Amino acid sequence: MPSVLLTESLALELGDRTGNSIPAHEPWPQDVKLFQPYEVEQILLPDNANCLAVQTFLKMCGLDFEVEQRSNAEYMSPSGRVPFIKCGAFLIAELDPIISFVNNKGISLSDKMDNAQKADMRAYMSLVNTVLANAELYITWCDKTTLQEVTKPRFGSVLPWPLNHVIVWQKRSQVVKKLGVLGWAHKTLDEVYQEVENCCNALSVRLGNQPYFFGDRPTELDALVFGHLFTILTTPLPNNRFASIVRGYSNLIDLCKLVEKEYFERTAES
Amino acid sequence: MGTVHAKDKREPYPHDTEQQQIHLDGVKVRVDKINVDGLSRTKDDIIIATVKDLFQAKDFQEVILCAQKVRGKLEGLGCFRNIGIFIDTSSGPGATPEGLEVTFHVRELKRIVGGVNTLVGNNEGSLAVGMRMPNLFGRGEKLHTEYSYGAKKTSAFTVSYTKPLRGSLSPIITGTVFQAGSEWPWSGYKQIERGLLIDFGFNSAPWIRHNLQWEGAWRDVSCLTRSAAFQVREQTGPSLKSSVRHILLLDRRDTAILPSSGSLVKLTQELAGLGGDVGFFKNDLCLQGNWTLLPDMVLQATLQAGFLTRISNNLNVSICDQFFLGGPMSLRGFNTRGVGPHKDGNALGASAYWAGGLHLFTPLPFNPGKGGFGDLFRTHIFINAGNLGNVYLGQEIPTSLKAYTKTTRLSYGMGVTLRLGQMARVELNYCIPVLFQREDQPNPGVQYGIGIHFL
């Protein structure tokens with residue numbers, strides 16, 4: 001009897017997987033939507049970088065999607081972070097889960113790469129995710145001038161008084177707590193800029209003279225780096241030292257220009 | 001002495017007849033003095049204002065009736081535990097020949113009263129820890145705090161301050177700070193509400209109570225599970241409601257739970273959108289009538305209806321403002337919130353509803369435990385009807401109303417109800433839904449409900 005039960009439960013699990021989990025061979029649907037906060041008046045530097053990275057990744061894969069801007073995108077997201085995509089009945093939030101979701105459909109930017117390159121790419125992506133993303137959070141929420149002049153007005157723009165003050169304060173304490181756990185909260189601004197400098201240096205060395213990080217074809221790493229660097233370069237902040245550090249690396253700037261030309265200007269024309 | 005002699009001659013039982021003959025309203029008296037004994041922190045001015053009507057009494061009957069009335073008023077102040085009345089002829093300097101002296105013996109409530117109790121709310125039990133500070137500043141003010149934790153993981157916190165004002169309309173001002181969390185698995189969301197409520201209550205006629213309220217509430221709606229319907233997900237996030245409300249209540253029922261006679265009218269109007277980002281105008285009406293047809297056989301008819309309309313395109317209406325229908329305490333024979341628009345199994349609510357119920361309550365068959373435990377039980381047969389849907393104002397009224405009338409839901413059944421104290425009631429019913437729509441979630445069979453407000 002136990003063996004029969006086991007087979008049954010296995011069959012059930014398999015059935016579940018095919019029934020509920022990501023359908024492997026289903027084509028990319030037409031009505032995929034990417035949800036993010038309002039770009040002009042609401043979105044903040046770290047969120048904008050993540051949203052742009054996901055958009056770039058989907059465009060690099062040649063997948064159609066529509067951007068939907070919602071003031072409550074962050075609350076709608078199943079993980080509490082933006083962006084998230086709605087693909088049929090599935091909701092997938094943030095870049096990494098979206099990458100694996102797309103991979104499950106048989107679409108990948110890195111399938112031609114060998115294992116060593118893949119591991120290399122993963123390492124650099126994790127570098128960007130830890131250093132640049134945390135530096136963006138630090139500038140946005142811990143730097144007093146940026147917090148007062150940029151973060152508060154933008155984050156509170158979609159909220160009625162007095163919630164705009166209360167929720168900004170709530171969100172700030174969440175971010176500070178998170179940075180504290182990661183050991184970033186007690187850094188000085190100069191230390192943060194130094195980290196960014198180191199990260200950009202490492203990326204610049206890896207890129208060298210190639211058009212993309214791994215040769216002629218863009219990868220997930222290119223999408224991620226573009227998302228962060230382009231946002232850093234184009235977001236006006238009271239203190240633009242962040243952008244000027246990035247500007248010091250001409251090959252990274254070239255990468256941004258290339259990705260923008262290939263994937264964003266073309267769609268703007270059509 | 002002469003009178004005694006005369007009485008003896010006239011009647012064999014002088015004592016009895018004398019008692020019958022005395023008309024209390026014929027005894028002219030004057031209230032010279034009122035003593036209130038046992039006051040320590042209650043302020044004199046409110047006591048004087050409460051008892052001074054007694055000086056108007058002209059004869060002994062008036063004195064007794066008036067003293068009872070004053071006792072009721074003193075109890076109403078919420079400062080005293082028990083009140084005794086003592087009437088004597090007045091003596092001492094300044095006493096008039098027909099003078100009386102009325103003494104109220106009072107015992108003040110303790111400064112601080114606390115308790116742990118279990119509550120039965122609408123379909124949920126919870127544990128509450130409360131503390132009350134009655135008569136805080138000596139004029140009937142009351143500070144009340146309560147924390148409760150529910151069986152369905154809802155937690156709530158309230159601090160309220162009540163101050164009775166002087167005047168014939170018995171006005172009371174209450175300010176409340178609250179936090180309440182609730183989960184609505186039928187709609188796939190949970191909600192945390194924090195806010196401030198200011199209430200001004202007064203009577204416009206002896207039985208008619210008005211409450212004027214302002215409420216500012218910060219509501220945080222979030223999805224309960226990953227599988228919540230996208231239409232619910234779209235409405236998540238914080239919102240701020242600032243609204244004024246008027247509640248009119250006319251309650252002539254003999255008791256709130258399982259009444260045998262009397263009627264209830266409750267009309268609530270709420271206008272949201274004075275600040276905040278939520279705006280609507282909401283009307284809610286509840287009518288109930290009770291008639292005793294035969295001894296112990298009570299017919300109850302209830303009608304509820306509500307309508308919500310947006311007031312501006314810039315202001316939102318959240319899912320937590322909508323009306324819902326269905327469930328053991330609402331339209332029986334359906335799941336909780338089981339009537340009306342659904343998406344992926346989640347009730348979305350709608351802007352208009354009506355529901356009616358006709359119940360016939362009788363004692364248990366063969367009346368076991370009559371005069372005691374058995375009196376807590378009633379059997380009832382019922383028929384419930386109602387509808388929930390979106391009604392739009394303007395040109396679409398005829399079409400939306402037509403659709404509305406065509407889709408009435410109906411159920412009937414019978415069951416047993418149990419009265420829990422004077423507050424709550426438990427019902428166990430067998431229900432048969434008769435008319436329902438495709439999107440509904442009918443629930444034929446046994447249904448169990450516990451709560452305060454029933455249809």
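Treat the numbers as computed from the prediction; the structure is a model and nothing was measured. Just so it is clear: chains get the letters A, B, ... in the order the sequence lines come, proteins before strands, and each one is counted from 1. Keep in mind that the numbers below use all heavy atoms, side chains included, and drop hydrogens, waters and symmetry copies.
For Ser239(B), the part sitting under 4.5 Å from any heavy atom of chain A is the backbone (N, CA, C, O) and nothing else. In this structure, chain B has a heavy atom under 4.5 Å from the side chain of Gln170(A), while its backbone stays farther away. For Ser77(A), the part sitting under 4.5 Å from any heavy atom of chain B is the backbone (N, CA, C, O) and nothing else. Contacts of Leu91(A) with chain B are made by both backbone and side-chain atoms, with heavy-atom separations under 4.5 Å.
Contact tally against chain A (heavy-atom pairs below 4.5 Å) for Thr236(B), Asp344(B), Val232(B): the top residue is Thr236(B). Your options are Pro238(B), Gly276(B), Gly237(B), and the one with the most heavy-atom pairs under 4.5 Å with chain A is Pro238(B).
Tested against Trp141(A) for a side-chain contact (heavy atoms from CB on, under 4.5 Å), the candidates Thr151(A), Thr146(A), Leu45(A) yield a single pass: Thr151(A).
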With salt bridge (Lys or Arg N to Asp or Glu O under 4.0 Å) as the test, would you mind laying out the steps for Glu41(A) and Arg154(A) before giving the verdict?
CA-CA 6 Å; Glu41(A) 60 269 51; Arg154(A) 286 181 71 86; over 6 Å; no

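The shortest side-chain heavy-atom distance between Leu271(B) and Phe280(B) does not fall under the 4.5 Å cut-off.
No side-chain donor-acceptor contact under 3.5 Å links Asn134(A) to the backbone of Val131(A).
The two residues Phe334(B) and Pro442(B) have their closest heavy-atom pair at CD2-CA, 3.7 Å.
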